[in-house]
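Here's the structure we're looking at; comments come further down.
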Protein chains: 4
Amino acid sequence: MRSTDNDRCRATAGRPRCPGKQAAILDATLALLAQQGFARMTLDAVARAAGVSKATIHLRYRTKAALAAAALGGLRTCATPPPAADLHTELAIHLDDFAHALHSNHGMALIGTCLAEEPHTPALLRHFREHAVLPRRAALRATLERARDRGALPACTDPEPLVSALLGAVSADHLAGRAHTPDSARATVRAVLGLCVSDDR
Amino acid sequence: MRSTDNDRCRATAGRPRCPGKQAAILDATLALLAQQGFARMTLDAVARAAGVSKATIHLRYRTKAALAAAALGGLRTCATPPPAADLHTELAIHLDDFAHALHSNHGMALIGTCLAEEPHTPALLRHFREHAVLPRRAALRATLERARDRGALPACTDPEPLVSALLGAVSADHLAGRAHTPDSARATVRAVLGLCVSDDR
Amino acid sequence: MRSTDNDRCRATAGRPRCPGKQAAILDATLALLAQQGFARMTLDAVARAAGVSKATIHLRYRTKAALAAAALGGLRTCATPPPAADLHTELAIHLDDFAHALHSNHGMALIGTCLAEEPHTPALLRHFREHAVLPRRAALRATLERARDRGALPACTDPEPLVSALLGAVSADHLAGRAHTPDSARATVRAVLGLCVSDDR
Amino acid sequence: MRSTDNDRCRATAGRPRCPGKQAAILDATLALLAQQGFARMTLDAVARAAGVSKATIHLRYRTKAALAAAALGGLRTCATPPPAADLHTELAIHLDDFAHALHSNHGMALIGTCLAEEPHTPALLRHFREHAVLPRRAALRATLERARDRGALPACTDPEPLVSALLGAVSADHLAGRAHTPDSARATVRAVLGLCVSDDR
DNA sequence: AATGAATGAGATTTCATTCAT
DNA sequence: GATGAATGAAATCTCATTCAT
């Protein structure tokens, strides 16, 4: 009898819950969380967007924080293993996909909310990390490891710092106000992999 | 060397501003902005921390957003040109300094707030970018350009993507929950500069 | 004579409204509006007088202006058709009733608030006009028209200016600091109807 | 050693006050009082409009109420004895002038403010009555008395109720939303004087 | 005298949460 | 389970007034 999140209410007996409402609530929450941030998002707005009453939300999630955490837990970062190609292209596709996620639907603001709320509600960053950050890193790491195993990268390559550098460069560009383009993605890959790494294979 | 008009003439009419209050207000604002985020920061708390009344704050900054923007505008990212050393060490010192800024005083949460508020109050990110992000990037870029000019980096090196990769890696590590250490800084530098770049000079 | 659908079906879902609160809110608003004027009336005072929380008021009326307008809309000027008598007496009763409304419960101050707020919140005067001014005028006009039709007033009499003169005289007296008495009401009627109009019928 | 208003500060010794400022303050006060009402008028706005500082206002008038009362005390209702003509025309000119005063510069709202504030600040209505209401009534009464003395009105005519009816009709029309026109002024006079009073002389 | 600075005391409005059907 | 009603606890911003030159 364990609970994944102790503020998440469980329904066990009695009338079953209207099934579509759960998803509507979480979708609305995620959208508003990104658009307005955690603090500015109101339960009234979530209820309106989801087409339910506020009390219904509280029936499922005891607090606003629990609701937000659950919504982040519902994130599904498509692992999107990019179709094979040479390594540079493969990595650039990864970065383009990441940049797209950042710019569509206020993805960068969503990251910002999780970071901003960390001192107050660390569960947000925890869920975001587990469901969005780490899966994406894993996909990118797998690509790098495959490349290393087939000799396209030096055998001594440690993939984690490379993952951080590649993905971090995209968000650092956003923070600096530098627009992301397919060309900039390739430039990032080139800068990180270094000129000595041959572009083929 | 005397005043052209009248030395006894006060610079401005009326009661002079209580000195130090301006700084106290901005300092308190910045601290609370980082600790609690823009939305959760209250003017009451700022006033209490700064030792002034709320009305005094409003006298100088018409709105909460203006206050926050001014506080961010007061950020002074010390350019900290690290003392000379071999390039890897020089860059690692840069990254350590950046990591220190991120972890002390909730620097990462401060970035998060600016990102989270961007859809609603873009001035925050704008000021943060100008006064914190770009100065740090400039310092790091200067280091890279000096290295390129003395031959420690290939002549064709484009510094901007390298800056993004190096600084971005630090924040990406934080986002992924990877602790920063002096060793991890060196690993990041090694990964980004590549093995082909000699570690000396 | 049964319900078409289902008698057990509640009229509306959710918790039913606490009965009487609506009336308590509007009554308190009207009283405070008259006593203190729109600008000086506070929602706190209304809530206290009505025995509800401020938020409950805001639940029903989005803004203070909407609340005040609704309260004025609830005014019910009893048409008070005075019992038959000779015309002079009938009109004097009208004026006495109007004077009573002006002096009891700060009626004159209520008019003043509506006039004072007109540049800023014209809805107040609009509602007051529709629910208090025009009904009273209509009642008085009806009296005059009946008198004209039975020959107690010349056939060519235009009732509207007479209505304005009769009612206006009462408020003009108040503005001038002249106390209203039954005698002064008769004097007003006599002055307006003129000596040539016989006092009987 | 009497003071006309005990909140009005008197300057007796020391540096004389800048003379033009007094008038600027009172003019600005009167204009804002009419435009916004007493409660909504802010001393900041008065100070800005008058080109002085708030503290300067408080130097002369201890409270906001004293300032408003003083401004109303400065009202000068031009007695405007209308040029001779037949009585109906003479009175209609009076009414037109009054209506003009009501509609220009928010005169009706100014009356409203004085009435609305009467429970809280009776000095406003008192000053307004003395400096605006009574002078106008006196001018109109004089006209009526002259007419009575020359036989254009019955010898037994009591002028006060007529004054109230004539002036009151104009404000009652405003309250009812009836526009004032020169024609409506004549209709009012005709209604009040009655058909039996000949229109000539 | 005149003025800019400073402030205490609110006022309106918002919102997460609980209640009563 | 679902919902509308109700509310306590703020939060931002305003303003008349006083203070220190």
Side-chain angles (χ1 to χ4, degrees), chain A residues 9 11 13-18 21 39-47 51-65 67, chain B residues 10-19 21-22 39-47 52-65 67, chain C residues 10-19 21-22 39-47 52-65 67, chain D residues 9 11 13-18 21 39-47 51-65 67:
Chain A
C9 307
R15 173 172 165 188
R17 285 179 176 149
C18 189
K21 285 186 174 166
R40 219 181 284 277
M41 172 185 84
T42 71
L43 292 188
D44 252 311
V46 174
V52 303
S53 74
K54 265 190 298 183
T56 298
I57 297 176
H58 275 281
L59 214 53
R60 291 166 156 86
Y61 306 98
R62 199 179 305 283
T63 67
K64 182 184 174 184
L67 170 65
Chain B
R10 278 197 310 283
T12 61
R15 175 175 173 175
R17 284 200 168 178
C18 198
K21 262 176 189 171
Q22 188 87 347
R40 212 181 291 276
M41 173 185 84
T42 72
L43 293 184
D44 241 317
V46 173
V52 302
S53 72
K54 268 184 294 181
T56 297
I57 298 176
H58 275 280
L59 198 62
R60 296 161 192 234
Y61 306 98
R62 198 124 43 84
T63 66
K64 184 184 174 184
L67 170 65
Chain C
R10 279 196 309 282
T12 62
R15 175 175 173 176
R17 285 201 169 178
C18 199
K21 261 174 192 176
Q22 188 86 346
R40 213 182 290 275
M41 173 185 83
T42 73
L43 293 184
D44 241 318
V46 173
V52 303
S53 73
K54 268 185 293 182
T56 297
I57 297 177
H58 274 279
L59 198 62
R60 296 160 191 233
Y61 305 99
R62 198 122 44 84
T63 65
K64 184 184 173 182
L67 170 65
Chain D
C9 307
R15 172 173 163 186
R17 285 180 177 148
C18 190
K21 284 185 175 165
R40 219 180 284 277
M41 172 185 82
T42 72
L43 291 187
D44 252 311
V46 173
V52 303
S53 73
K54 265 190 299 183
T56 298
I57 297 176
H58 275 280
L59 215 53
R60 292 166 156 85
Y61 305 98
R62 200 180 306 282
T63 67
K64 183 184 173 185
L67 170 65

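Each chain gets a letter, A, B and so on, in the order its sequence line appears, and its residues count up from 1. Values in this document were obtained by computation on a predicted structure and should not be read as measured data.
Atoms CD1 and NZ, from A/Ile57 and A/Lys21 in turn, are 11.0 Å apart once rounded to the nearest 0.5 Å. In this structure, CZ on B/Arg62 lies 13.5 Å from CG on B/Leu67, to the nearest 0.5 angstrom. Note that the OG1 atom of A/Thr63 and the CG atom of A/Leu43 stand 9.0 Å from one another [nearest 0.5 Å]. From D/Arg40, atom CZ reaches atom CZ of C/Arg40 across 12.0 Å, with rounding to the nearest 0.5 Å. If you take CD on B/Gln22 and CZ on B/Arg60, they are separated by 4.5 Å, rounding to the nearest 0.5 Å.
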Bracket string, DNA chain F, 5' to 3' - pairs by Watson-Crick or G-U geometry under 3.5 Å, | interstrand: .||||||||||||||||||||
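Put simply, B/Arg17 has no side-chain N or O that comes within less than 4.0 Å of OP1 or OP2 on F/dA20. Dashed line: the shortest gap from a side-chain N or O of A/Thr56 to OP1 or OP2 of F/dT3 is under 4.0 Å.
With sequence neighbours excluded, the residues satisfying salt bridge (charged side-chain N to carboxylate O under 4.0 Å, His left out) with C/Lys54 are C/Asp44.
Atoms CG (D/Leu59) and P (F/dT21) sit 18 Å apart, rounded to a whole Å. Note: CD1 (C/Ile57) to P (E/dA11) measures 13 Å, nearest angstrom.
For C/Lys21, the listed nucleotide lying nearest its side chain is F/dA6; candidates were F/dA6, F/dT3, E/dT7.
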Identify each atom pair where a protein N or O and an N or O of nucleotides 14-18 of chain F are less than 3.5 Å apart, giving names and distance.
{"unit_1": "F/dA16", "atom_1": "OP1", "unit_2": "D/Met41", "atom_2": "O", "d": "3.2"}
{"unit_1": "F/dA16", "atom_1": "OP1", "unit_2": "D/Lys64", "atom_2": "NZ", "d": "3.3"}
{"unit_1": "F/dA16", "atom_1": "OP2", "unit_2": "D/Leu43", "atom_2": "N", "d": "2.8"}
{"unit_1": "F/dT17", "atom_1": "OP2", "unit_2": "D/Lys64", "atom_2": "N", "d": "3.0"}
{"unit_1": "F/dT17", "atom_1": "O4", "unit_2": "D/Lys54", "atom_2": "NZ", "d": "2.9"}

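What you find for B/Ala39 and A/Ala39 is that their closest heavy atoms are CB-CB, 3.2 Å.
Using a distance-only test at 3.5 Å, with no hydrogens or angles considered, a donor-acceptor pair links the side chain of B/Lys64 to the main chain of B/Met41.
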